[in-house]
Amino acid sequence: MNVLIVFAHPEPHSFNGALKDRAVQVLEQAGHEVVVSDLYRLGWKAALDADDFPGTRLAPGFLDVSKEQERVSASGLTPADVRAEQEKVAWCDLVVFQFPMWWFGMPAILKGWVDRTMARGFAYGAGRKYDTGMLKGRRAMVCATTGTASSLYEPDGIDGDINHILWPVHNGIFRYLGFDVLPPYVAWMPGRVSPEEREAYLEEYGKCLLTLEDTEPLFFHPAEDYGPDERLKPGVVARSGFQWNPAGERGATS
């Protein structure tokens with residue numbers, strides 16, 4: 001299995017760094033090939049801007065990002081840093097996002113990696129999303145750390161269910177592009193637990209990684225559960241993330 005770890009933490013000796021290092025160690029010892037994109041070490045440019053679109057614009061007076069992404073992809077003008085990351089994505093069977101939970105989401109540098117790397121024309125296009133996504137057949141997962149305890153991320157916790165918080169990544173990025181989405185691994189407030197507990201996290205994560213090929217992905221509704229308006233059909237009980245189907249509650253169960 002070819003594994004791409006996209007690492008987004010400014011401190012290499014952080015617990016995120018330890019999780020990344022443990023993943024590399026465990027996966028390579030198991031015979032897998034691993035490549036790490038250390039975004040801070042790469043000096044990754046997070047902002048998608050006009051510099052990403054060399055050559056003659058389709059509309060010189062107006063930047064249409066999606067059309068320009070398709071243009072540079074089709075014409076071989078994708079900037080070198082973006083092209084290098086796209087080659088890693090095309091190579092991998094599994095991508096892992098390794099990051100600290102900041103403001104209920106990914107660090108800006110990782111969001112910028114998605115904005116620039118998962119470009120239209122490379123990672124998605126007209127009619128190529130979700131079940132027909134261009135990266136279908138690959139797997140993806142999140143490995144994250146939090147600053148607070150797991151109890152805050154329960155369905156009744158003040159921060160909300162962790163799977164709801166990760167919905168923009170799980171559904172809006174991974175599933176949208178066609179990936180099968182594996183359950184996340186979360187190390188809860190590693191900065192506030194004992195060294196023994198941190199080591200237990202690393203051991204647990206290592207065991208999790210060794211079973212990834214047999215791990216059942218998270219459930220997402222298939223295309224046939226949706227009507228022409230791309231809303232769940234009446235009678236289909238919502239089972240993904242924080243989807244809710246008012247029509248489903250009035251009708252029969254699926």
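Just so you know, these numbers come straight off a predicted model, no measurement behind them.
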### Query
Would you find a donor on one side and an acceptor on the other, under 3.5 Å apart, between the side chain of Thr146 and the backbone of Val186?
no
### Message
Is the distance between the ring centroids of Tyr130 and Phe220 under 6.0 Å?
### Response
no
### Task
Over all heavy atoms of both residues, which pair between Ser73 and Gly121 is shortest? Give the atoms and the distance, please.
OG-O, 3.6 Å
### Query
Would you say Glu33 and Trp91 make side-chain contact, with heavy atoms under 4.5 Å?
yes
### Task
For Gln98 and Cys143, indicate whether the former's side chain and the latter's backbone hold a donor-acceptor pair under 3.5 Å.
yes
### Query
Would Met141 and Met1 show up in the same hydrophobic cluster when neighbours are defined by side-chain heavy atoms closer than 4.5 Å?
yes
### Message
Looking at every non-hydrogen atom in both residues, tell me the closest pair between Tyr205 and Ala23 and how far apart they are.
### Response
CE2-CB, 3.9 Å
### Task
Measure the spacing between OG of Ser37 and CD1 of Ile5 and express it to the nearest 0.5 Å.
10.0 Å
#### Entry: Non-hydrogen side-chain atoms of Arg41 and Pro12 separated by less than 4.5 Å
yes
### Query
Going from CD on Glu85 to OG1 on Thr117, what distance comes out if it is rounded to the nearest 0.5 angstrom?
5.5 Å
#### Entry: Pairs where residues 150-179 contributes a residue and the test salt bridge (charged side-chain N to carboxylate O under 4.0 Å, His left out) is met, not counting sequence neighbours
Asp131-Arg175, Arg175-Asp180
### Query
Do Glu68 and Arg71 sit within salt-bridge range, that is, some charged N less than 4.0 Å from a carboxylate O?
yes
### Query
After noting the C-alpha distance and the side-chain angles of Lys129 and Glu230, does the key distance pass the salt bridge (charged side-chain N to carboxylate O under 4.0 Å, His left out) rule?
CA-CA 12 Å; Lys129 63 179 182 178; Glu230 296 192 306; 3.7 Å; yes
### Task
Kindly indicate whether the side chain of Met101, heavy atoms from C-beta on, has any atom under 4.5 Å from the side chain of Leu166.
yes
### Task
Determine, stepwise, if the pair Val3 / Val35 fulfils side-chain contact (heavy atoms from CB on, under 4.5 Å).
CA-CA 6 Å; Val3 182; Val35 168; over 6 Å; no
### Separation of Tyr226 OH from Asp229 CG (nearest 0.5 Å)
11.0 Å
### Query
Among the clusters formed by ILVMFWY side chains lying less than 4.5 Å apart, do Phe53 and Tyr124 turn up in the same one?
no
### Query
Side-chain contact, heavy-atom cut-off 4.5 Å: Pro168 with Ile173?
no
### Query
With a 4.5 Å heavy-atom cut-off, do Phe7 and Leu39 have their side chains touching?
no
### Query
Is a donor on one side and an acceptor on the other found under 3.5 Å between the side chain of Thr211 and the backbone of Asp214?
no
### Message
Test of understanding: clusters of I, L, V, M, F, W, Y form through side-chain heavy atoms closer than 4.5 Å, transitively. Do Val65 and Val82 belong to the same one?
### Response
no
### Query
Does any N or O in the side chain of Glu197 come within less than 3.5 Å of the main-chain N or O of Ser194, such that one atom is a donor and the other an acceptor?
yes
### Query
Given side chains that start at C-beta, do those of Thr145 and Leu19 come closer than 4.5 Å, heavy atoms only?
yes
#### Entry: Side-chain touch Asn2/His32, heavy atoms, less than 4.5 angstrom
no
### Query
What are the two closest heavy atoms between Pro100 and Pro107, and how far apart are they?
O-CD, 3.6 Å
#### Entry: Contact summary for Arg138 and Ala90, nearest pair of heavy atoms
NH2-O, 2.9 Å
### Query
Is it the case that one hydrophobic cluster holds both Leu177 and Leu48, taking links as side-chain heavy atoms less than 4.5 Å apart, direct or via other members?
no
### Query
Is the shortest side-chain N to carboxylate O distance from Glu199 to Arg22 below 4.0 Å?
yes
### Query
Mind checking whether Leu218 and Pro183 have side chains closer than 4.5 Å, heavy atoms only?
yes
### Message
Asp21 vs Gln25, test: side-chain contact (heavy atoms from CB on, under 4.5 Å). Steps then yes/no.
### Response
CA-CA 6 Å; Asp21 292 342; Gln25 177 189 37; over 6 Å; no
### Query
How about Glu11: does its CD atom have over 12 heavy atoms from other parts shown lying under 6.0 Å from it?
yes
### Message
With a 4.5 Å cut-off on side-chain heavy-atom distances among I, L, V, M, F, W and Y, is there a chain of contacts connecting Val6 to Val34?
### Response
yes
### Query
Distance from Leu210 atom CG to Gln29 atom CD, nearest 0.5 Å?
9.0 Å
### Message
Pairing donors with acceptors under 3.5 angstrom, does anything connect the side chains of Glu204 and Tyr185?
### Response
yes
### Task
Please work out whether the ring planes of His221 and Phe219 are parallel, tilted or perpendicular, with thresholds of 30° and 60°.
perpendicular
## Note on the structure
Closest heavy-atom pair, Ala8 versus Ile109, reported as atoms and distance to 0.1 Å, is CB-CG2, 4.0 Å
### Task
With rounding to the nearest 0.5 Å, note down the distance linking CE in Met189 to CZ in Phe15.
12.5 Å
### Message
Restricting to non-hydrogen atoms, name the atom on Gly55 and the atom on Leu77 that form the minimum distance, rounded to 0.1 Å.
### Response
CA-CD1, 4.3 Å
### Query
Can you check whether Tyr153 and Trp188 have ring centres sitting under 6.0 Å from each other?
yes
### Message
Applying side-chain contact (heavy atoms from CB on, under 4.5 Å) to Phe122 and Val89, what does each step give before you reach the verdict?
### Response
CA-CA 10 Å; Phe122 165 73; Val89 172; 4.0 Å; yes
### Task
Could you grab the distance from atom CG of Asn171 to atom NE2 of His164, nearest 0.5 Å is fine?
12.0 Å
### Query
Does any N or O in the side chain of Arg139 come within less than 3.5 Å of the main-chain N or O of Val95, such that one atom is a donor and the other an acceptor?
no
### Message
So if I apply the salt bridge (charged side-chain N to carboxylate O under 4.0 Å, His left out) rule between Asp81 and each of Lys45, Lys88, Arg116, which one comes out positive?
### Response
Arg116
### Task
Test side-chain contact (heavy atoms from CB on, under 4.5 Å) on Tyr176 and Met118 and set out the steps.
CA-CA 11 Å; Tyr176 187 92; Met118 299 305 198; over 6 Å; no
### Query
Salt bridge between Arg57 and Asp64, side-chain N to carboxylate O under 4.0 Å?
no
